[in-house]
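All chains are named by letter (A, B, ...) in the order of the sequence lines, taking the proteins before the strands, and each is independently numbered beginning at 1.
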There are 2 protein chains.
Amino acid sequence: MENLSKYKEKLASAGLRATKQRLMVCKLLFGQKQTFHFNIEDISRLANKSFNKKISLATIYNTVNEFKKKGYLKEISLKGNKTFYDTNTKHHHHFYDEDMSQLMDIEDKNVSINYLPKIPNGKKIRSVEVLVKIEDIK
Amino acid sequence: MENLSKYKEKLASAGLRATKQRLMVCKLLFGQKQTFHFNIEDISRLANKSFNKKISLATIYNTVNEFKKKGYLKEISLKGNKTFYDTNTKHHHHFYDEDMSQLMDIEDKNVSINYLPKIPNGKKIRSVEVLVKIEDIK
DNA sequence: TAATAGATTAGAATAGTTCTAAAGTATTGA
DNA sequence: TCAATACTTTAGAACTATTCTAATCTATTA
Ligand SMILES: [Mn+2]
Ligand SMILES: [Mn+2]
Ligand SMILES: [Zn+2]
Ligand SMILES: [Zn+2]
């Protein structure tokens with residue numbers, strides 16, 4: 001696993017020691033070819049499946065939260081009571097198929113907004129997120 | 001309270017009997033001059049404050065969920081673990097001040113989207129929601 | 001190796017939501 | 001009218017997601 005040093009760097013920069021469990025979490029989060037959307041339970045299940053190893057939920061929550069603070073992960077604005085995360089940290093948008101509970105990325109460059117209302121006084125825009133809800137045709 | 005019959009109709013159309021508690025919830029939700037954003041706890045607190053009456057959380061959850069199904073309320077796609085609702089059921093968008101945890105409506109007509117990517121096969125758009133995150137200047 | 005610092009983890013605590021069964025209300029039919 | 005019965009509502013219990021805590025485990029240092 002030649003990405004190990006990458007992960008160690010990432011952990012160090014988030015102020016976290018590179019422990020076995022955290023390196024596993026890193027591999028699951030950042031070792032995939034594609035970015036993806038997940039919740040905490042997904043990572044727990046993936047750890048069991050991929051490494052035959054149970055990582056305590058506390059460790060997953062802690063690690064994910066620290067990575068979120070650092071900007072290595074983003075939380076997704078979504079309905080429902082479970083928190084969803086995104087390993088795609090580039091600014092982008094989403095298709096959301098509510099029936100399938102399925103999220104798909106839309107690249108920022110594939111959306112263009114003509115105009116927005118004036119921003120409240122003393123405030124400026126941090127980001128503009130578009131959520132396109134889709135459903136089966138008829 | 002001359003809106004009582006309005007509320008009774010609303011409840012009936014959602015398949016709910018008009019009980020004291022539900023009429024209170026209706027008054028809190030639909031008896032305001034302006035639409036607003038809320039969570040379940042807000043309604044519970046408002047009931048205490050406005051009517052000096054405790055309404056069981058179950059009743060509030062049930063009523064709100066039925067109204068949501070009926071389209072009399074909308075759930076808001078937002079980060080965080082509390083569910084937020086909107087009494088504004090017209091299609092619209094939001095400013096969100098993350099620091100203040102403050103939502104503000106943007107009328108649909110004040111947003112214009114130039115283009116979107118092609119929709120996945122067999123799907124069509126149900127809605128397009130824009131969330132503009134704002135922050136203090138500087 | 002012993003002392004210390006730091007990390008992990010299980011389980012407790014908390015918070016949000018859903019479920020359930022006792023209590024309440026409506027309907028039926030004598 | 002008024003039991004008997006069926007259906008509905010509600011309070012609180014149960015459950016689930018998340019965070020907190022403190023005991024245990026591991027790594028580092030000297
Ligand atoms: Mn949410
Ligand atoms: Mn629009
Ligand atoms: Zn995404
Ligand atoms: Zn709104």
A.B. asks: Check whether any side-chain nitrogen or oxygen of A:Gln21 sits under 4.0 Å from OP1 or OP2 of C:dA7, and answer yes or no.
C.D. replies: no
A.B. asks: Quick one: side chain to side chain donor-acceptor pair (under 3.5 Å) partners of B:Lys33, sequence neighbours excluded?
C.D. replies: none
A.B. asks: Whole Å only: how far is the CG atom of B:Leu16 from the C1' atom of D:dT9?
C.D. replies: 10 Å
A.B. asks: Quick check on D:dT8: is either OP1 or OP2 less than 4.0 Å from any side-chain nitrogen or oxygen of B:Thr19?
C.D. replies: no
A.B. asks: How many Å lie between CD on B:Glu66 and P on C:dT17, as a whole number?
C.D. replies: 16 Å
A.B. asks: Encode nucleotides 12-30 of chain D as B, S and - characters from 5' to 3', where the letter depends on protein heavy atoms closer than 4.0 Å: B to the base, S only to sugar-phosphate, - to neither.
C.D. replies: B----SBBB------S---
A.B. asks: Which other residues end up in the same hydrophobic cluster as A:Ile76, if Ile, Leu, Val, Met, Phe, Trp and Tyr are linked when side-chain heavy atoms come under 4.5 Å apart?
C.D. replies: A:Leu78, A:Phe84, A:Tyr96, A:Leu103, A:Leu131
A.B. asks: Closer than 4.0 Å, any side-chain N/O of A:Arg22 to the OP1 or OP2 of C:dT8?
C.D. replies: yes
A.B. asks: To 10°, what angle do the rotation axes through the five end pairs on each side of the helix from C:dT1-D:dA30 to C:dA30-D:dT1 form?
C.D. replies: 10°
A.B. asks: Can you list the other members of the hydrophobic cluster that holds B:Ile137, where links are side-chain heavy atoms under 4.5 angstrom apart?
C.D. replies: none
A.B. asks: In this structure, which one of A:Lys68, A:Lys74, A:His94 forms a side-chain hydrogen bond (donor to acceptor under 3.5 Å, both in side chains) with A:Asp86?
C.D. replies: A:His94
A.B. asks: With a cutoff of under 4.5 Å between side-chain heavy atoms, which Ile, Leu, Val, Met, Phe, Trp and Tyr residues group with A:Met100?
C.D. replies: none
A.B. asks: Quick one: B:Asn39 CG to C:dA15 C1', roughly how many Å, whole number?
C.D. replies: 12 Å
A.B. asks: Is the A:Phe67 to A:Phe30 ring centre distance short of 6.0 Å?
C.D. replies: yes
A.B. asks: Whether B:Lys69 and B:Glu66 form a salt bridge (side-chain N of Lys/Arg under 4.0 Å from carboxylate O of Asp/Glu) is what I want to check.
C.D. replies: yes
A.B. asks: Can A:Met104 and A:Ile134 be said to form a side-chain contact (heavy atoms from CB on, under 4.5 Å), step by step?
C.D. replies: CA-CA 11 Å; A:Met104 273 159 291; A:Ile134 57 178; 4.0 Å; yes
